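Below: the structure, in structure tokens.
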Amino acid sequence: QIATSGNSGTTDCHLHFGLYRNGNVTDPFGWRGSSQDPLAGGAVCLWGDGQCSEIVVEDESAGFTKSGTGWNWDCHGNSWTMRWVTNKNTAQNAYANWRPPSPYSGPFAIEVFVAAVHHSTTRAKYEVYAKDGYHNVPIDQHNQNDKWVPLGTFEFVGDGLDNVYLNNATAESDGSTEVCFDTIKFRQFRVYLPAVLNNYP
């Protein structure tokens, strides 16, 4: 054991983990917020293989494919476009895939954008295909409104088969809701932890 979680603050022994560059604390993925960088020296991206950038797959980009019938288009989504279809109870008739155009493998944090219109389903079922197979991630789109919604973090192989899938089978009565298909964001990162060596007597 090297640390214990608690609320004792700095009065007891505790573990502090940070990353420094040229003597200044930094975020190894850079500052990405819209407000001022909270670090006095400024956050600096330390990775040289594209890991500090987000891969954004729009509904009109090359990484997005759709199939089936009943597709509609609206100009109120992320970057002013989105697609939507009415739902089916069990027999889907429309689906889409988002694939990141990246050769890198490793963990990816994935977020989906739910537009403020045509998102009335409470049972959208996203499927993430990653290194260890399929992951079902249910999202209540109805309670989102122009928001990025996290699906989780998944290990990708980088072989071109990694993708996010969504169809319009929602287990709700046929035609009772609408399913939003908009932008998906893939943020690649790797976790490097220092080797902790201990010489025991």
Side-chain angles (χ1 to χ4, degrees), residues 27-30 32-34 47 49-68 71-72 74 76-88 90 92 94-172 177-191:
D27 179 344
F29 294 101
R32 309 166 62 80
S34 58
W47 313 122
D49 58 359
Q51 294 186 65
C52 294
S53 61
E54 293 170 337
I55 302 169
V56 178
V57 180
E58 300 277 356
D59 60 286
E60 291 188 348
S61 68
F64 175 82
T65 57
K66 62 182 177 63
S67 185
W71 286 98
N72 300 281
D74 199 288
H76 290 90
N78 186 60
S79 295
W80 306 105
T81 65
M82 58 90 69
R83 311 296 173 112
W84 64 275
V85 295
T86 56
N87 79 298
K88 291 288 185 179
T90 56
Q92 69 178 46
Y95 66 89
N97 286 88
W98 294 260
R99 296 180 187 275
S102 169
Y104 303 117
S105 60
F108 279 78
I110 303 177
E111 295 179 80
V112 301
F113 189 82
V114 179
V117 295
H118 307 296
H119 62 118
S120 56
T121 181
T122 62
R123 298 180 181 179
K125 297 178 183 178
Y126 291 86
E127 290 185 10
V128 180
Y129 183 70
K131 183 177 181 179
D132 55 350
Y134 284 98
H135 300 263
N136 292 309
V137 186
I139 295 293
D140 179 355
Q141 289 188 346
H142 181 65
N143 283 329
Q144 312 302 326
N145 190 357
D146 276 347
K147 289 184 179 179
W148 287 101
V149 182
L151 295 186
T153 301
F154 306 90
E155 186 83 14
F156 277 4
V157 179
D159 57 1
L161 299 179
D162 309 304
N163 71 91
V164 178
Y165 169 87
L166 176 65
N167 64 40
N168 67 330
T170 64
E172 298 159 308
T177 63
E178 296 171 343
V179 184
C180 169
F181 295 75
D182 205 332
T183 308
I184 290 188
K185 184 190 306 181
F186 301 85
R187 182 183 182 191
Q188 186 191 23
F189 66 95
R190 293 182 184 146
V191 179

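All figures in this text were calculated on a predicted structure; none of them were measured in a lab. These values consider heavy atoms only, across backbone and side chains, with no hydrogens, waters or symmetry-generated copies.
Between Phe113 atom CZ and Lys147 atom NZ the span is 11.0 Å, to the nearest 0.5 Å. The distance from atom CG of Asn87 to atom CG of Asn167, rounded to the nearest 0.5 Å, is 10.5 Å.
For His135, the ring-ring contact (aromatic ring centres under 6.0 Å, His included) partners are Phe154, not counting sequence neighbours. For Gln144, the side chain to side chain donor-acceptor pair (under 3.5 Å) test picks out no residue, with sequence neighbours left out. Shown here are the side chain to side chain contact (heavy atoms under 4.5 Å, CB included) partners of Pro138, two or more places apart in sequence or in another chain: there are none. Under the side chain to side chain donor-acceptor pair (under 3.5 Å) criterion, Asp140 pairs with Asn143, sequence neighbours left out. Applying the salt bridge (charged side-chain N to carboxylate O under 4.0 Å, His left out) test to Arg83 and every residue at least two apart in sequence or in another chain returns Asp59, Glu60.
Identified under the side-chain hydrogen bond (donor to acceptor under 3.5 Å, both in side chains) test for residues 152-164, with sequence neighbours left out: Asn97-Asn163. Here side-chain hydrogen bond (donor to acceptor under 3.5 Å, both in side chains) pairs that include residues 115-126, with residues two or more places apart or in two chains, are Asp74-His118, Trp84-His118, His118-Glu178, Thr121-Glu172, Thr122-Glu172, Tyr126-Gln141. Listed by first then second residue, pairs satisfying salt bridge (charged side-chain N to carboxylate O under 4.0 Å, His left out) with a partner in residues 97-107 number zero, not counting sequence neighbours.
For the pair Asp146 and His76, the tightest heavy-atom approach, listed with the atom from each and the gap, is OD1-O, 4.0 Å. Looking at every heavy atom in both residues, Ile139 comes nearest to Pro150 through CD1-O, 4.4 Å.
In this structure, the side chains of Ile110 and Trp98 stay at 4.5 Å or more apart for every pair of heavy atoms. Looking only at side-chain heavy atoms (C-beta outward), Tyr129 and Tyr165 stay at 4.5 Å or farther from each other.
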Do any side-chain atoms of residues 179-186 form donor-acceptor pairs under 3.5 angstrom with protein atoms, and if so which ones, sequence neighbours left out?
residue	atom	partner	partner atom	Å
Asp182	OD2	Asn78	N	3.0
Thr183	OG1	Glu58	OE1	2.7
Thr183	OG1	Asn78	ND2	3.2

